[in-house]
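For reference, the structure is listed below as structure tokens.
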There are 2 protein chains.
Amino acid sequence: MEEKKNCPVCENKYCANKVSIFSVLEDKELKEVTDLIIHKKYKKGQIICFEGDVSDRLYIISRGKIKVFKYTKEGKEQILYILSEGDFIGDLSLLKRSSFKFNAEALEDVAVCTLGKNDFDNVLKENPEIALKILEVVHDRIMRLEDLIQSLSTNDIEARIASLLLSFIKDFGIVEEDNIVLNIPLSREDMANYIGVTRETISRKLSSMQDEGTIELSGNKKIIIKNKENLKLLV
Amino acid sequence: MEEKKNCPVCENKYCANKVSIFSVLEDKELKEVTDLIIHKKYKKGQIICFEGDVSDRLYIISRGKIKVFKYTKEGKEQILYILSEGDFIGDLSLLKRSSFKFNAEALEDVAVCTLGKNDFDNVLKENPEIALKILEVVHDRIMRLEDLIQSLSTNDIEARIASLLLSFIKDFGIVEEDNIVLNIPLSREDMANYIGVTRETISRKLSSMQDEGTIELSGNKKIIIKNKENLKLLV
DNA sequence: GAAAAGATGTGATTAATATCACATTTTAGA
DNA sequence: TCTAAAATGTGATATTAATCACATCTTTTC
């Protein structure tokens with residue numbers, strides 16, 4: 001029965017293994033959790049959840065990236081998080097069975113492992129140490145949200161863009177020679193929706209930052225950071 | 001020794017008792033925690049912590065209200081939270097000993113109960129259920145931050161003000177006849193710094209909302225909501 | 001209770017981004 | 001590979017809140 005504990009989607013690993021919050025579990029428990037998981041796939045652009053949907057499962061990203069966003073009064077998207085492999089959405093507080101307070105959409109083809117709320121609650125009750133792990137993750141999210149708020153309330157839009165680029169560097173920057181290469185999973189419009197400006201504005205500002213030599217735009221999905229110090233000065 | 005377990009600041013109660021995260025503790029443990037607490041007082045306007053200060057204690061508010069904020073690049077305050085009795089600041093994740101990522105200032109005379117990080121860690125290790133309680137509180141804060149982000153990215157400033165007033169109604173609205181009375185702990189400037197506009201702008205918008213009959217301004221610290229439905233329509 | 005300090009209101013002006021319109025480039029699909 | 005659709009760039013203009021300046025009101029302090 002060695003086969004059974006493997007997850008067909010997650011490249012023959014325990015998919016729960018990818019999630020740091022489950023890292024405190026022993027192999028046996030990990031297998032048990034993995035067996036409870038139901039897999040789902042989403043094509044790029046597909047909606048994973050709508051605000052208001054009942055949130056009775058935990059969604060753990062096993063492959064791909066998603067954007068989590070709310071709509072403003074004007075109908076504009078405001079992105080809250082970009083989540084990738086190992087991240088999760090869904091209600092983590094015990095007993096509460098509420099609804100999603102945001103929308104989530106696949107930025108690329110995405111595989112998700114889902115765990116029923118009841119099953120998760122049981123795992124949590126039997127392994128309260130998991131709550132401490134969750135706290136770490138949640139603490140990190142809070143700090144990101146606080147930073148985003150600080151950025152959104154800055155009137156200087158180049159500063160907001162610089163913050164965004166610096167966070168991209170942290171999350172998926174690749175160092176190549178003297179430069180840092182960013183393969184951005186977001187369209188220009190998404191980037192604009194992350195820092196609360198219009199597509200046209202971010203387009204113009206990125207161009208001017210290129211003219212100043214701080215960055216280099218390479219197609220629509222790649223930005224090369226030529227001068228990270230300049231970015232830091234802008235923030 | 002009945003006297004000793006009382007907290008001199010917190011009106012002769014276990015001060016830890018006020019904090020919902022400690023509600024899972026038995027009386028004996030509650031006493032132990034209370035004995036570990038050191039009390040501090042702050043006058044209105046005093047700074048409780050600066051961004052970057054080492055955060056080696058948990059600060060539990062026992063009386064008064066505080067504002068938690070960051071500075072934008074331009075030096076403008078951006079308020080993140082208004083916290084009151086029972087709320088806390090400080091690092092809740094086990095083992096981590098980091099620094100405050102924000103500033104906090106007393107909005108009125110404030111009494112705080114502080115618990116050393118080591119002591120808190122011990123309590124947490126012996127009572128992992130507390131982590132679940134913390135998760136609830138932290139979940140609530142995340143939702144508030146997400147809502148604030150949604151509000152800040154809305155260009156319609158009356159909508160932002162309406163959101164702010166609606167959250168005030170939830171937090172400290174008093175129903176009187178057909179109206180809701182808000183005794184606001186914030187100055188106009190603080191309110192402006194909460195929703196990311198200037199003092200002048202919020203002053204003008206509040207006046208126009210008064211002209212429309214939605215609210216009534218009574219001095220600087222009191223706003224009477226004449227028509228809550230109007231506010232909801234604005235958001 | 002008076003004076004000073006601080007907070008708020010308000011008009012005039014400026015500055016910057018949103019908006020609109022459309023050209024151009026890139027991507028995806030047959 | 002070609003074509004259609006989608007995404008992006010860019011100019012002109014409108015709009016709106018920021019800024020500046022100062023009057024007025026409120027609160028604090030002696």
Side-chain angles (χ1 to χ4, degrees), chain A residues 43-46 67 72-79 105-109 151-161 164 183-211 215-223 234, chain B residues 43-46 67 72-79 105-109 151-162 164 182-211 215-223 234:
Chain A
K43 286 268 167 206
K44 176 177 177 176
Q46 273 194 304
K67 66 174 173 184
T72 67
K73 187 200 176 191
E74 297 99 338
K76 195 175 64 171
E77 280 181 25
Q78 173 59 47
I79 294 182
E105 183 184 323
L107 288 170
E108 34 196 64
D109 289 359
S151 173
L152 284 172
S153 73
T154 303
N155 289 323
D156 179 343
I157 286 181
E158 288 211 1
R160 290 199 225 171
I161 295 179
L164 181 68
N183 292 301
I184 312 233
L186 303 179
S187 67
R188 288 286 182 275
E189 183 142 33
D190 284 331
M191 288 177 67
N193 288 339
Y194 206 164
I195 62 169
V197 296
T198 59
R199 180 183 62 77
E200 294 93 326
T201 297
I202 206 167
S203 171
R204 280 185 255 260
K205 294 284 183 185
L206 285 175
S207 293
S208 75
M209 287 168 87
Q210 178 169 238
D211 295 344
I215 61 173
E216 187 186 318
L217 303 172
S218 169
N220 292 338
K221 295 288 185 180
K222 192 178 192 177
I223 296 178
L234 286 173
Chain B
K43 286 264 169 211
K44 176 177 177 176
Q46 273 194 304
K67 66 175 172 184
T72 68
K73 186 199 176 190
E74 296 99 338
K76 193 177 65 172
E77 282 181 22
Q78 172 59 47
I79 295 183
E105 183 184 323
L107 288 171
E108 35 196 65
D109 289 359
S151 172
L152 284 171
S153 73
T154 302
N155 290 323
D156 179 342
I157 286 182
E158 289 212 358
R160 290 198 225 171
I161 296 178
L164 181 69
L182 299 178
N183 292 301
I184 312 237
L186 303 179
S187 67
R188 289 286 183 274
E189 184 143 33
D190 284 331
M191 288 177 67
N193 288 340
Y194 206 166
I195 62 168
V197 296
T198 60
R199 179 184 63 77
E200 293 93 326
T201 297
I202 206 167
S203 171
R204 278 186 255 262
K205 295 284 182 183
L206 284 175
S207 292
S208 75
M209 286 167 87
Q210 178 170 237
D211 294 344
I215 62 174
E216 187 185 318
L217 304 170
S218 169
N220 292 338
K221 297 287 186 182
K222 192 178 192 176
I223 297 178
L234 286 173

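Within every chain, numbering begins at 1; the chains are lettered A, B, ... in the order of the sequence lines, protein sequences first and strands thereafter.
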Donor-acceptor list for residues 183-191 of chain A side chains, cut-off 3.5 Å, not counting sequence neighbours:
unit_1	atom_1	unit_2	atom_2	d
A:Ser187	OG	A:Glu189	N	3.4
A:Ser187	OG	A:Asp190	N	3.1
A:Ser187	OG	A:Asp190	OD2	3.3
A:Arg188	NH1	A:Asn220	O	3.1
A:Asp190	OD1	A:Lys67	NZ	2.7
A:Asp190	OD2	A:Ser187	N	3.4

Pairs: protein N or O with nucleotides 11-14 of chain D N or O, under 3.5 Å:
unit_1	atom_1	unit_2	atom_2	d
D:dG11	N7	A:Arg204	NH1	2.9
D:dG11	O6	A:Arg204	NH2	3.4

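- For the pair A:Asp156 CG and D:dA18 P, the computed distance is 14 Å after rounding to whole Å.
- For the side-chain hydrogen bond (donor to acceptor under 3.5 Å, both in side chains) test, no residue two or more places apart in sequence or in another chain qualifies with A:Glu105.
- Residue A:Tyr194 comes nearest to A:Ile79 through the heavy atom pair CD2-O, 3.6 Å, listed as atom of the first residue, atom of the second, then distance.
- Every residue two or more places apart in sequence or in another chain that forms a side chain to side chain contact (heavy atoms under 4.5 Å, CB included) with A:Glu158 is listed here: A:Asp156, A:Lys205, A:Ser208, A:Met209, A:Glu212, A:Leu234.
- Close to C:dT17, at under 4.0 Å from its OP1 or OP2, lies no side-chain N or O of A:Thr201.
- Side chain of A:Arg160 to backbone of A:Thr154: a donor-acceptor contact under 3.5 angstrom is found.
- Rounded to a whole Å, the CD atom of A:Glu158 is 11 Å from the P atom of C:dA16.
- For B:Ser207, the side chain to side chain contact (heavy atoms under 4.5 Å, CB included) test picks out no residue, with sequence neighbours left out.
- Closest approach of A:Ile202 and A:Ile195 over heavy atoms only: CD1-CD1, 3.8 Å.
- If you measure from atom CZ of B:Arg160 to atom C1' of D:dA17, you get 10 Å, rounded to the nearest angstrom.
- Atoms CD (A:Glu74) and P (D:dT16) sit 11 Å apart, rounded to a whole Å.
- Between the C1' atom of C:dA18 and the NZ atom of A:Lys76 lies a distance of 9 Å, rounded to the nearest Å.
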Check nucleotides 6-8 of chain C for protein N or O atoms closer than 3.5 Å to its own N or O atoms and list the pairs.
unit_1	atom_1	unit_2	atom_2	d
C:dT8	OP1	B:Arg188	N	3.2
C:dT8	OP2	B:Arg188	N	3.2

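- Separating the NZ atom of B:Lys44 from the C1' atom of D:dT29 is a distance of 14 Å, rounded to the nearest angstrom.
- A salt bridge is defined here as a Lys NZ or Arg NE, NH1 or NH2 lying under 4.0 Å from an Asp or Glu carboxylate O, and B:Lys43 with B:Asp109 meets this definition.
- Atom NZ of B:Lys221 has more than 12 heavy atoms from other residues, nucleotides or ligands within 6.0 Å.
- To the nearest angstrom, C1' of D:dT8 lies 12 Å from CD1 of A:Ile202.
- Contact between the side-chain N/O atoms of A:Lys205 and the OP1/OP2 oxygens of C:dT17 is found at a separation under 4.0 Å.
- In this structure, the CG atom of A:Leu152 is 15 Å from the C1' atom of C:dT17, given to the nearest Å.
- Within the 4.0 Å cut-off from OP1 or OP2 of D:dT10, at least one side-chain nitrogen or oxygen of A:Ser207 is found.
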